[in-house]
2 protein chains.
Amino acid sequence: MRDDRFCNSNCPFTRAIGTIGNKWKPIIINVMGTRSMRFGQLDAIVPHISRKVLTEQLKELEEDGLLERLAYKELPPRVEYRLSEKGLAFLPILEHIKEWNLKYEVATIPKETD
Amino acid sequence: MRDDRFCNSNCPFTRAIGTIGNKWKPIIINVMGTRSMRFGQLDAIVPHISRKVLTEQLKELEEDGLLERLAYKELPPRVEYRLSEKGLAFLPILEHIKEWNLKYEVATIPKETD
DNA sequence: ATTTGTAGTTACCCATTGGTAACCAGAATA
DNA sequence: TATTCTGGTTACCAATGGGTAACTACAAAT
């Protein structure tokens, strides 16, 4: 799902978009917030995502240093995911997006008055 | 390319991600900035994008009220794209992403000292 | 002895994506 | 007369994406 062209670009902004510019990553980061979550919890809470894609996205987020994966050596397995400092630092950006959306989403629809 | 599941979600954040959560939209918005640009310019400047995909993305951005399309009735055709107020309001978010990336991108790589 | 629970992984296969190239209109230019 | 110029659109086709279901390991509980 990650685009190598983006991730290897010499433009830092393009690389950043290569890292977080898809639909699942912001959703996952937002769902996690400051919590520590297990794989099954994420699978249950993130709507419509399949285990396959969730696995893939979590792996990429870990590779990119946005989250930390802590696997307990137990059976049945237990794995905890939590946002790293880098991931936590991304949360305010998501808040900005929420505010932006709140302010402008509906504003496009009416157009009653001329 | 737009995911209807996201755009019709009852969660506003999910809808917002449905709108701008892909790799091309942030790139296009960032390239445009406050400028007015023609289709051919965008095609030339946005790296690796095909005309087909560029057309599709511009159409979606227009539908979502992020940009305005002004077609002059001339031949050969001339079309100018510029960000709307909603689109312009998204620029600061892209700046935050740049700052975030600048601060954290490399910080994951070294790990020389223990 | 069998079932349950977790965090994945793998194989299979259908649907979607996206690249490429050809094509369009019609005015201006050579 | 033929070519060029622009902003797309369309058809075709190969590649990719992603859903589903089955499977794993092993401990604990029934």
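Sequence lines set the chain letters: A, B, ... in the order given, protein chains first and strands last, and positions in each chain run from 1.
Put simply, CE on A:Met37 and CD on A:Glu80 are 10.0 Å apart, with the number rounded to the nearest 0.5 Å. Atom CG of B:Leu58 is separated from atom CZ of B:Phe39 by 6.5 Å, given to the nearest 0.5 angstrom. If you take CD1 on A:Ile29 and CG on A:Leu67, they are separated by 8.0 Å, rounding to the nearest 0.5 Å.
Distances from the side chain of A:Thr55 to the nucleotides C:dA25, C:dT9, C:dT20 place C:dT9 closest. The side chain of A:Val79 approaches C:dA7 more closely than any other nucleotide in the set C:dT6, C:dA7, D:dG8. Across C:dA7, D:dT6, C:dG18, the shortest atom-to-atom separation from the side chain of A:Arg69 is found for C:dA7.
Among the protein residues, A:Lys73 comes within range of no part of the nucleic acid, since none of its heavy atoms lies under 4.0 Å from any strand. Heavy atoms of B:Tyr72 sit nowhere under 4.0 angstrom from any nucleic acid atom.
When every heavy atom of B:Gln57 is checked against every heavy atom of B:Ile28, the shortest pair comes out as CB-CD1, 3.7 Å.
Residues A:Gln41 and B:Glu56 each lie close to DNA chain C; by heavy-atom proximity, the contact nearer the 5' end of the strand is made by A:Gln41. Residue-to-nucleotide proximity on DNA chain C shows that, of A:Lys52 and A:Pro77, the 5′-proximal contact is made by A:Pro77. Of the residues near DNA chain D, B:Phe39 and B:Pro76, the one whose nearest nucleotide (by heavy atom distance) lies more toward the 5' end is B:Pro76.
The environment of A:Arg2 atom CZ is dense: over 12 non-hydrogen atoms of other residues, nucleotides or ligands sit within 6.0 angstrom.
The base of C:dA7 sits within donor-acceptor range of the side chain of A:Arg51, with an N or O pair under 3.5 Å.
D:dG17 atom P lies 17 Å from atom CG of A:Leu54, rounded to whole Å. At whole-Å resolution of the value, CG in B:Asp43 and P in D:dC5 are 15 Å apart. For the pair A:Glu74 CD and C:dT6 C1', the computed distance is 10 Å after rounding to whole Å. Rounding to whole angstrom units, CG of residue A:Leu70 and P of C:dA7 are separated by 12 Å. Taking atom NZ of residue A:Lys59 and atom C1' of nucleotide D:dG18, one finds them 15 Å apart after rounding to whole Å. In this structure, CZ of B:Arg5 is placed 12 Å from C1' of D:dG18, rounded to the nearest angstrom. One can place CG of B:Asp3 at 16 Å from P of D:dG17, the figure rounded to the nearest angstrom. Separating the CG atom of A:Leu75 from the C1' atom of C:dA7 is a distance of 10 Å, rounded to the nearest angstrom.
Considering only side-chain N and O atoms, B:Arg38 lies nowhere under 4.0 angstrom from the phosphate OP1 or OP2 of D:dT6.
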